[in-house]
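Here the structure is laid out as structure tokens; the discussion comes afterwards.
Residue numbers count from 1 along this sequence. Heavy atoms only: backbone and side chains are in, while hydrogens, waters and symmetry mates are out.
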Amino acid sequence: MDRHGSLLVSVGQVVNLKTKVNRAFNSSMEFSCMQIVERSREGEMNGEVLAQKTRVESVELVLPPHANHQGNTFGGQIMAWMENIATIAASRLCHAHPTLKVIEMFHFRGPSQVGDRLILKAIVNNAFKDSMEVGVCVEAFCHDVGVPRRHINSAFMTFVVLDENNHTCILPRIKPETGDGERRYREAIARRKIRLDRKYVISCNQSEVPLSVPWDPCNQVYLSYNNVSALKMLVSKTDWVLASEINKVHLYTLEDGKFLSFKVEITVSIDARQTFNLLSDMSRRSEWDRYYKECQLLQEVDEDDAIYHVVSTVRSADGKLQDFIILASRRPPCDVGDPYVVAFRSVSLPTHPPCEEYTRGETLCSGFCIWSQGPRTKVSYYNQFTPGIVSQVTTNISGLSSDFATTYQACERFLIENTKDSNQQ
């Protein structure tokens, strides 16, 4: 046997093995094997990676150690092979060492036996900001080439890339192939929305604990303080992940224990104090926020706190519009560098119980934080997930909608137009 090697291969590198039979004799055959180490970043154009460049195919021969006493291949062995090939496909997109995060829709469609050849195929279906979905399928065939291949396994695997601080990295975009590749691209977006819906609904636990607190004038200082401090606690979290960015509108998500939250962030060329005054007036929110149908002031508690009845344009499962009773608490900065704060949470009022016309919704913690940054102002809107807003948020995170970008661009226009009006006056 002659063997020639001129390159060193280290752990983590991808090696392509190409073999073929050169010639068959009466009782023997000659074959050649070529090893190619992947090094280049080919397939990347204008920050996009061609999906076909992530395609991987391999063949595994099922041997006795891979099977049980009945000769059927161990499911765990097939999963290991599938993970290996999916990892290679993912690495061709990120050019790094990807980490498997989720396996979904893993199906055993049929068995395979000792002696079968398994063809494993993987390709990156879609890449999101910090994760990617890889589709994997497995076909089996025996030594008899006349017998058609059998589709025995399939799965979708989600990968992330972690930096030295264990934070997820931003990934390149994927450019799908026309036809079937575009179908896989769209279906990956739909699956991501389903995952988000399921995860966020589970996290809300609305049925376990009511989100609204009874409004008590004797305890208004405590309720107002808790409203503001809950928002400040949410703002202080550091593990926000960028989910989407459209026209300078940034959408972030945060997983913190059993709760999930989102943040929308824009930067405007308007004075922070003026921005604070305009955004803290909830009666004007319907002028820029398409999710607000109307907003009525019910009770002006004091200079900094008020209770509103809000009717949303969002319909609940029973087809009715949702309404909310909201405590709005506003606070100017306490010190240099602190933000202006406008905090919202649901309260219940005996004078305004739920009615037949609307479905009463609830918000646990939401609001604006507004920072002065020299000539510009950073505006961040925070919201802890509740079932009533899951559909809106997950469609935006998964890329099926750009409503949030449109809404907060309208917010910026609202601020600019009303600032001009006040300056002219």
Review point. What do the steps show when you test M132 against I174 for side-chain contact (heavy atoms from CB on, under 4.5 Å), and what is the final call?
Key: CA-CA 9 Å; M132 67 188 102; I174 195 83; over 6 Å; no
Using a 3.5 Å distance criterion without hydrogens, assess whether the side chain of [X] forms a donor-acceptor pair with backbone atoms of [Y].
X    : Y    : answer
N126 : Y185 : yes
T377 : A272 : yes
S229 : N226 : yes
R345 : L327 : no
S280 : F276 : yes
D216 : C218 : yes
T313 : R290 : yes
S346 : T363 : yes
S329 : N227 : no

Review point. What residue pairs, at least two apart or across chains, pass side-chain hydrogen bond (donor to acceptor under 3.5 Å, both in side chains) with a residue in residues 332-342?
Key: none
Point to revise | Pairwise side-chain hydrogen bond (donor to acceptor under 3.5 Å, both in side chains) hits with a residue in residues 151-164, at least two apart | key: R109-S154
Got a second to check how far [X]'s [atom1] is from [Y]'s [atom2], nearest 0.5 Å?
X    : Y    : atom1 : atom2 : value
N247 : Q409 : CG    : CD    : 4.5 Å
S58  : I88  : OG    : CD1   : 7.0 Å
E139 : K121 : CD    : NZ    : 4.5 Å
Q77  : N68  : CD    : CG    : 12.5 Å
C365 : K232 : SG    : NZ    : 12.5 Å
R173 : E48  : CZ    : CD    : 4.5 Å

Looking at residues at least two apart in the chain, or sitting in another chain, which of them share a side chain to side chain contact (heavy atoms under 4.5 Å, CB included) with [X]?
X    : answer
E294 : V311
L297 : E300, A306, Y308
E303 : none
S283 : D281

Point to revise | Whether over 12 other heavy atoms sit under 6.0 Å from K378 NZ | key: yes
Review point. Counting only heavy atoms not in F74, do more than 12 fall under 6.0 Å of its CZ?
Key: yes
Exercise for review: Evaluate the side-chain contact (heavy atoms from CB on, under 4.5 Å) criterion for residues V347 and L223: first the C-alpha distance (whole Å), next the side-chain angles of each, then the deciding distance (0.1 Å), finally the verdict.
Suggested key: CA-CA 9 Å; V347 293; L223 293 174; 5.6 Å; no
Review point. Is it true that the side chains of D116 and T73 contain a donor and an acceptor less than 3.5 Å apart?
Key: no
Review point. Going by atom types alone, do S380 and E265 pair a side-chain donor with an acceptor below 3.5 Å?
Key: yes
Can you list everything that forms a ring-ring contact (aromatic ring centres under 6.0 Å, His included) with [X]? Sequence neighbours excluded, please.
X    : answer
F106 : F108
Y408 : W288
W81  : H66

Could you tell me whether the side chain of [Y] reaches within less than 4.5 Å of the side chain of [X], counting heavy atoms only?
X    : Y    : result
M82  : L120 : yes
T419 : L278 : yes
E412 : K248 : no
Q220 : D302 : yes
E356 : K320 : yes
I152 : L118 : yes
P339 : I370 : no
K101 : S131 : no

Minimum heavy-atom distance [X]-[Y], with the two atoms named:
X    : Y    : result
L234 : S261 : CD1-OG, 3.4 Å
N125 : A188 : CB-CB, 4.0 Å
P98  : A96  : CD-O, 3.1 Å
D130 : L171 : C-CD1, 3.8 Å
K129 : A243 : CG-O, 3.2 Å
L349 : I307 : CD1-CG2, 3.8 Å

Point to revise | N-O pairing of E133 and R192 below 4.0 Å | key: no
**Study point:** Salt-bridge criterion met for R331 and D305 (N-O under 4.0 Å)
**Key:** yes
Practice item. Show your working on salt bridge (Lys or Arg N to Asp or Glu O under 4.0 Å) between E187 and R183 and close with a plain yes or no. Key: CA-CA 6 Å; E187 289 177 352; R183 175 189 59 79; 2.9 Å; yes
**Study point:** Partners meeting salt bridge (charged side-chain N to carboxylate O under 4.0 Å, His left out) with D323 (sequence neighbours left out)
**Key:** R360
Practice item. Under the salt bridge (charged side-chain N to carboxylate O under 4.0 Å, His left out) rule, collect the residues that match up with R117, sequence neighbours excluded. Key: none
Review point. Run the side-chain hydrogen bond (donor to acceptor under 3.5 Å, both in side chains) check on T359 and D318 step by step: do they pass?
Key: CA-CA 8 Å; T359 299; D318 58 10; 3.0 Å; yes
Point to revise | Pairs flagged by ring-ring contact (aromatic ring centres under 6.0 Å, His included) wherever residues 360-384 is involved - sequence neighbours left out | key: W240-Y382, F368-Y381
Study note, to complete from the structure: Which of R413, R284, Q274 passes side chain to side chain donor-acceptor pair (under 3.5 Å) with N418? It is R284
Practice item. Could you tell me whether F344 and F324 have their ring centroids closer than 6.0 angstrom? Key: no
